Chemist: 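Below: one structure in structure tokens.
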Amino acid sequence: MPEKNAAALSFMNTVKGSMLEGFYPAGWDMDRIDACCAGGPEEIFRRRPHWNEGFQPVSCQNISDFNMMMGHEIAREIQNCRGAGRKLALILPVGPMGMYRWTVYFLKEWNVDCSHVFCFNMDEWSDGDGNTAGPESPGSFQNAMRTALYDPLGVLTVPEGQRNFATRGNLPFYARKIADLRKDGARLATVFGIGRVFHIAFWEPHFAAEFADAEEWKRQTHRLGAKLHPLTVEQNAVTSFKSRTGLVPCTANTIGPGLFLQSDYVIGGCDGAFGRGMQWQGASLRVTLRHGPDIWVPSGFMPTLPGKLFFLSELAEPLEAELN
């Protein structure tokens with residue numbers, strides 16, 4: 001078949017009759033998603049009508065720059081609220097993680113006490129009922145945050161009573177706690193990564209099928225024991241479990257759009273490159289920026305909020321086949 005004719009075949013036509021049929025979320029327009037992936041780096045920065053005027057993507061040359069720049073942005077949020085005498089409600093991810101070392105560095109360098117900060121981990125591995133492993137479990141997000149952020153801050157750290165984790169007993173109270181803080185004048189900032197299937201936290205695209213419309217979807221504050229998409233499981237197998245799929249839970253507790261869409265400011269990060277020309281996050285980055293808000297593409301809402309999305313520059317290179 002001539003190359004130009006092969007290229008003209010839509011992805012959905014190749015899916016029909018294959019094992020992939022029914023695998024992708026039902027609301028995905030695959031041709032639209034693939035169109036978002038076309039073009040070079042200039043398409044990353046071309047502003048879209050749905051972008052908030054205070055939103056901008058920020059290119060980082062390498063992973064060291066990425067970690068430092070994202071960590072600096074988080075630390076400045078904490079410092080600015082401290083200087084303004086204002087509380088800060090901070091929704092935090094476990095992935096990416098490298099920025100926390102720099103967040104600690106800057107806060108200690110500036111001697112910024114974090115007693116005004118209230119942290120909310122956005123998700124946690126769980127069983128189907130929302131039960132989580134103990135905080136000392138090596139794979140738990142609680143343990144990851146303690147070792148990456150809270151312990152290294154030393155005397156400047158966030159008080160233990162102001163650290164919230166997405167456990168069965170605590171996650172359902174996030175919305176009330178954050179609402180109370182905001183009534184008291186707190187600023188809400190969300191730090192986030194973007195999933196292979198465009199999730200924010202573990203709020204997966206296939207959840208959209210359960211809601212009558214976007215307004216109902218937007219009211220959802222959390223979910224216990226959320227069923228993860230197979231691509232999310234595989235993403236985490238590759239990025240966090242050294243390819244061992246059997247160790248990755250298929251369910252997790254997570255915040256929902258009813259929380260992250262309230263943010264006064266967002267700080268995003270895409271660092272999904274493996275080296276040797278291999279990466280997994282270029283499509284996720286482009287779709288997030290170009291697709292527009294859609295409940296089947298949760299990350300598409302993030303550019304509607306003020307903030308920054310840091311990304312490795314190699315993710316902006318053309319997404320074309322490269323056989324090595």
Side-chain angles (χ1 to χ4, degrees), residues 40-48 51-84 88-112 114 117 119 121-122 144-145 147-150 152-153 156-158 187-195 200-201 239-240 260 263-275 279-290 299 302-317:
E42 71 282 354
E43 290 297 330
I44 299 293
F45 294 100
R46 185 160 67 85
R47 297 193 69 83
R48 312 288 162 168
W51 286 14
N52 186 286
E53 64 180 12
F55 174 84
Q56 62 175 314
V58 180
S59 178
C60 306
Q61 194 65 31
N62 52 55
I63 190 63
S64 296
D65 289 353
F66 172 90
N67 289 335
M68 183 273 292
M69 293 166 71
M70 194 171 175
H72 181 267
E73 194 74 11
I74 297 169
R76 281 300 300 271
E77 271 294 301
I78 295 171
Q79 181 192 46
N80 288 343
C81 283
R82 186 73 186 180
L88 174 64
L90 196 56
I91 296 176
L92 297 172
V94 176
M97 285 292 287
M99 70 281 190
Y100 290 130
R101 172 173 169 263
W102 285 100
T103 300
V104 170
Y105 172 83
F106 287 115
L107 291 175
K108 293 178 81 170
E109 183 72 10
W110 303 332
N111 195 34
V112 178
C114 294
V117 180
C119 293
N121 255 67
M122 59 172 43
M145 293 303 299
T147 57
L149 180 63
Y150 299 133
L153 278 171
L156 301 175
T157 197
V158 177
R187 178 174 167 90
L188 175 61
T190 295
V191 183
F192 67 96
I194 300 167
I200 297 297
T239 59
S240 301
F260 61 74
S263 302
D264 297 303
Y265 196 74
V266 297
I267 303 170
C270 290
D271 63 348
F274 297 131
Q279 49 121 315
W280 66 269
Q281 215 171 15
S284 302
L285 171 65
R286 281 175 168 78
V287 171
T288 295
L289 294 172
R290 301 177 65 184
S299 66
M302 303 314 281
T304 69
L305 301 166
K308 295 178 181 177
L309 176 54
F310 297 88
F311 66 92
L312 289 181
S313 58
E314 66 182 281
L315 299 179
E317 295 303 312

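The model shown is predicted, which means the values in this text are computed figures rather than measured ones.
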Chemist: Please list, chain by chain and in numerical order, all residues satisfying side chain to side chain donor-acceptor pair (under 3.5 Å) with Q281, sequence neighbours excluded.
Modeler: none
Chemist: List in chain and number order the residues that pass side chain to side chain donor-acceptor pair (under 3.5 Å) with T103, two or more places apart in sequence or in another chain; answer none if no residue qualifies.
Modeler: none
Chemist: Can you tell me how far CD1 of I267 sits from CE of M302, rounded to the nearest 0.5 angstrom?
Modeler: 10.5 Å
Chemist: Would you name the heavy atoms of R187 and Y265 that are closest together and state the gap between them?
Modeler: NH2-CB, 3.1 Å
Chemist: If I compare all heavy atoms of C270 with all of I194, which pair ends up nearest, and what's the gap?
Modeler: SG-CD1, 3.5 Å
Chemist: I would like to know whether S299 and V287 meet side-chain contact (heavy atoms from CB on, under 4.5 Å); could you show each step before the answer?
Modeler: CA-CA 8 Å; S299 66; V287 171; 5.5 Å; no
Chemist: Is it true that a side-chain atom of R82 and a backbone atom of V117 form a donor plus acceptor pair closer than 3.5 Å?
Modeler: no
Chemist: For E43, check side chain to side chain contact (heavy atoms under 4.5 Å, CB included) against everything at least two apart and list the hits.
Modeler: R46, R48, R290
Chemist: Considering only heavy atoms from C-beta outward, does the side chain of L149 approach that of L92 to under 4.5 Å?
Modeler: yes
Chemist: Sequence neighbours excluded, which residues qualify as side chain to side chain contact (heavy atoms under 4.5 Å, CB included) partners of P152?
Modeler: V104
Chemist: Which residue is it: I91, L88, V158? I am looking for the one with a side-chain contact (heavy atoms from CB on, under 4.5 Å) to C119.
Modeler: V158
Chemist: What is the distance from atom CG of L309 to atom CD1 of I44, rounded to the nearest 0.5 Å?
Modeler: 9.0 Å
Chemist: Supply the atom-to-atom distance T288 OG1 to F192 CZ, rounded to the nearest 0.5 angstrom.
Modeler: 7.5 Å
Chemist: With sequence neighbours excluded, tell me which residues meet ring pair (Phe, Tyr, Trp, His ring centres under 6.0 Å) with W102.
Modeler: Y105, F106
Chemist: Using the test salt bridge (Lys or Arg N to Asp or Glu O under 4.0 Å), find all partners of D264 that sit at least two apart in sequence or belong to another chain.
Modeler: R182
Chemist: Does a side-chain heavy-atom distance below 4.5 Å link V191 with L90?
Modeler: yes
Chemist: Return the minimal non-hydrogen interatomic distance between S284 and W280, and the atom names on each side.
Modeler: OG-O, 4.3 Å
Chemist: Taking C-beta and beyond as the side chain, do E317 and P41 meet within less than 4.5 Å on heavy atoms?
Modeler: yes
Chemist: About how many Å separate CG of L312 and CD1 of I63, when rounded to the nearest 0.5 Å?
Modeler: 5.0 Å
Chemist: With sequence neighbours excluded, tell me which residues meet side chain to side chain donor-acceptor pair (under 3.5 Å) with Y150.
Modeler: none
Chemist: Determine the minimum heavy-atom distance between F311 and P57, stating which atoms define it.
Modeler: CE2-CB, 3.9 Å
Chemist: Ignoring hydrogens, what is the shortest heavy-atom contact between L315 and D271? Give both atom names and the distance.
Modeler: CD1-N, 4.4 Å
Chemist: Could you walk me through whether N111 and L156 pass side-chain contact (heavy atoms from CB on, under 4.5 Å), step by step?
Modeler: CA-CA 8 Å; N111 195 34; L156 301 175; 3.6 Å; yes
Chemist: Are more than 12 heavy atoms, taken from residues, nucleotides or ligands other than R101, located less than 6.0 Å from that residue's CZ atom?
Modeler: no
Chemist: Give the minimum heavy-atom separation between M99 and P93, together with the two atoms involved.
Modeler: CE-CG, 4.2 Å
Chemist: Listed by chain and number, what are the side chain to side chain contact (heavy atoms under 4.5 Å, CB included) partners of T147, not counting sequence neighbours?
Modeler: N143
Chemist: Would you please name every residue forming a side chain to side chain donor-acceptor pair (under 3.5 Å) with Q279, sequence neighbours left out?
Modeler: none
Chemist: What residue pairs, at least two apart or across chains, pass side-chain hydrogen bond (donor to acceptor under 3.5 Å, both in side chains) with a residue in residues 52-66?
Modeler: none
Chemist: Would you check if L289 and F45 make a side-chain contact, meaning some heavy-atom pair closer than 4.5 Å?
Modeler: no
Chemist: Could you list the residues that satisfy ring pair (Phe, Tyr, Trp, His ring centres under 6.0 Å) with F260, not counting sequence neighbours?
Modeler: none
Chemist: Using 0.5 Å steps for rounding, measure from the OH atom of Y100 to the CE atom of M70.
Modeler: 7.5 Å
Chemist: Please name all residues satisfying side chain to side chain contact (heavy atoms under 4.5 Å, CB included) with R76, sequence neighbours left out, ordered by chain then number.
Modeler: H72, Q79, N80, W110
